[in-house]
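The figures that follow rest on heavy atoms only: side chains count, while hydrogens, waters and symmetry mates do not.
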Amino acid sequence: MENNMYQIDNISECQRIYKHPLYQKELERIRKFEVDRIFCNHGFDHFMDVARIAYILNLEHNLGISRNIIYAAAILHDIGRAKQYDEGIPHEEAGADLAGIILADCGYSEDDIALIVDAIRNHRSNHVDNTQNTLGDILYIADKAARQCFDCTAQKECNWSMEKRNMEVYI
Ligand SMILES: [Fe+2]
Ligand SMILES: [Fe+2]
């Protein structure tokens with residue numbers, strides 16, 4: 001059968017992550033914690049924004065990272081957020097631990113898990129030299145690019161530094 005070039009056919013592995021009971025539990029906990037939050041939320045639409053932008057960067061810079069790896073990292077990158085709210089664990093640490101468990105259950109290889117977990121653990125620090133050539137780089141850049149600070153009603157109260165904020169429509 002001829003391939004439909006517009007077919008979106010590569011979702012099964014991320015679907016497994018999304019359906020994982022631990023993932024669902026933590027996603028729901030984040031939702032509850034953030035119900036009255038005036039600042040950026042950390043729900044599934046943020047995760048998908050990050051996934052899309054990271055994948056675009058991957059294409060534009062010819063990095064050759066697989067879509068399943070990028071989407072897995074993106075939909076897991078803030079999954080530790082509830083543990084930050086209730087246990088005070090930095091969410092990149094909590095998220096890296098949760099991601100390790102979930103990815104192993106979903107059948108990701110040890111190498112892929114190590115790559116994704118490392119990118120999640122470092123997604124708040126520009127640990128690399130911002131050369132846009134690793135999963136960690138594009139996750140960091142996409143995470144920031146996904147926030148439209150210039151259009152946010154909580155700008156005055158937000159503790160993000162001005163350097164970190166997106167104050168123009170970047171394309
Ligand atoms: Fe984060
Ligand atoms: Fe994020």
Side-chain angles (χ1 to χ4, degrees), residues 8 10-20 22-24 26-31 33-34 37 39-85 90-100 102-103 106 108 112-128 130-152 154 158-161 163-171:
I8 298 174
N10 207 9
I11 58 171
S12 59
E13 296 196 28
C14 284
Q15 181 69 10
R16 241 180 289 156
I17 295 171
Y18 179 75
K19 291 279 182 191
H20 192 286
L22 184 55
Y23 188 86
Q24 280 297 316
E26 292 301 320
L27 196 60
E28 184 56 27
R29 277 174 13 92
I30 296 168
R31 207 186 328 260
F33 274 117
E34 296 192 338
R37 183 177 161 86
F39 305 109
C40 298
N41 284 359
H42 302 83
F44 205 77
D45 41 3
H46 169 59
F47 300 169
M48 290 302 271
D49 286 344
V50 173
R52 312 287 195 215
I53 297 167
Y55 192 64
I56 290 167
L57 290 169
N58 175 58
L59 295 179
E60 288 184 344
H61 295 274
N62 293 318
L63 305 187
I65 305 169
S66 92
R67 187 158 45 177
N68 266 320
I69 298 286
I70 291 172
Y71 273 67
I75 70 172
L76 284 161
H77 83 279
D78 281 335
I79 200 64
R81 196 76 199 187
K83 286 184 182 280
Q84 182 167 320
Y85 291 132
H91 74 270
E92 66 275 25
E93 294 296 332
D97 292 345
L98 289 164
I102 294 167
L103 290 165
C106 291
Y108 280 73
D112 287 350
I113 293 172
L115 182 68
I116 295 166
V117 165
D118 184 61
I120 292 172
R121 200 180 300 283
N122 291 296
H123 85 264
R124 288 171 88 188
S125 55
N126 199 359
H127 64 296
V128 278
N130 202 1
T131 51
Q132 303 183 5
N133 59 10
T134 68
L135 180 65
D137 284 330
I138 58 173
L139 188 64
Y140 175 83
I141 294 162
D143 192 23
K144 276 181 65 202
R147 301 305 197 182
Q148 312 313 326
C149 306
F150 57 86
D151 194 43
C152 175
C158 180
N159 65 5
W160 271 30
S161 66
E163 303 84 71
K164 230 179 148 190
R165 297 185 192 191
N166 296 318
M167 295 309 290
E168 291 175 45
V169 182
Y170 299 116
I171 60 167

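- Asp78 is listed as a side-chain neighbour of His123, based on a closest heavy-atom distance under 4.5 Å.
- When the salt bridge (Lys or Arg N to Asp or Glu O under 4.0 Å) test is applied to Arg165, no partner is found at least two apart in sequence or on another chain.
- For the pair Asp137 and Leu57, the minimum side-chain heavy-atom distance is 4.5 Å or more.
- Leu63 contributes atom CG, which lies 13.5 Å from atom CD1 of Ile69 (distance to the nearest 0.5 angstrom).
- Residues Asn166 and Ala145 come closest through the heavy atom pair ND2-CA, 3.6 Å.
- By the 4.5 Å heavy-atom criterion applied to side chains, Ile116 and Tyr108 are counted as neighbours.
- In this structure, the separation between CD1 on Ile65 and CD1 on Ile70 is 5.0 Å, given to the nearest 0.5 Å.
- Evaluation of the side chain to side chain donor-acceptor pair (under 3.5 Å) rule for Glu93 yields Arg121 as partners, not counting sequence neighbours.
- Under the rule for a side chain to side chain donor-acceptor pair (under 3.5 Å), the partners of Arg81 that lie at least two apart in sequence or sit in another chain are His42, Tyr85, His91.
- Listed by chain and number, the residues in a side chain to side chain donor-acceptor pair (under 3.5 Å) with Tyr55 amount to none (sequence neighbours excluded).
- Here the side chains of Leu103 and Leu76 are in contact, with some heavy-atom distance below 4.5 Å.
- If you take SG on Cys152 and CE on Met167, they are separated by 9.0 Å, rounding to the nearest 0.5 Å.
- Using a 4.5 Å cut-off on side-chain heavy atoms (C-beta onward), Tyr23 and Ile75 make contact.
- Expressed to the nearest 0.5 Å, how far CG of Asp143 lies from CD1 of Ile120 amounts to 11.0 Å.
- The shortest non-hydrogen separation linking Ala72 to Cys14 is N-SG, 3.8 Å.
- Nearest approach of Gly64 to Asn58, heavy atoms of both residues: N-OD1, 3.3 Å.
- Residues His46 and Asn41 have side chains not in contact (no heavy-atom distance under 4.5 Å, counting atoms from C-beta outward).
- A salt bridge does not link Arg16 to Glu13: none of the charged side-chain nitrogens sits closer than 4.0 Å to a carboxylate oxygen.
- Lys83 has its side chain within reach of Leu98: a pair of non-hydrogen atoms, C-beta onward, lies under 4.5 Å apart.
- Taking each heavy atom of Val50 and Ala146 in turn, the nearest pair found is CG2-CB, 4.0 Å.
- The two atoms that bring Arg29 and Ala82 nearest to each other are NH2-CB, 3.5 Å, heavy atoms only.
- Arg147 CZ to Lys144 NZ: the interatomic distance, rounded to the nearest 0.5 Å, is 12.5 Å.
- Side-chain contact check for Arg52 and Tyr71: at least one donor-acceptor pair (N or O, by modelled atom type) lies under 3.5 Å.
- Here Gln148 pairs with nothing under the side chain to side chain donor-acceptor pair (under 3.5 Å) rule; sequence neighbours left out.
- Phe150 and Val169 get closest at one heavy-atom pair: CZ-CG2, 3.7 Å.
- Every ring-ring contact (aromatic ring centres under 6.0 Å, His included) that Tyr18 has, sequence neighbours left out, goes to Phe44.
- A donor-acceptor pair is defined here as one N or O able to donate and one able to accept, closer than 3.5 Å; such a pair exists between the side chain of Asn122 and the backbone of Asp118.
- Atoms CD1 and CD1, from Ile56 and Ile141 in turn, are 13.0 Å apart once rounded to the nearest 0.5 Å.
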Before you tell me yes or no, could you show the steps for Gln24 and Lys19 under side chain to side chain contact (heavy atoms under 4.5 Å, CB included), namely the whole-Å CA-CA distance, both residues' side-chain angles and the distance that decides it to 0.1 Å? CA-CA 7 Å; Gln24 280 297 316; Lys19 291 279 182 191; 5.9 Å; no
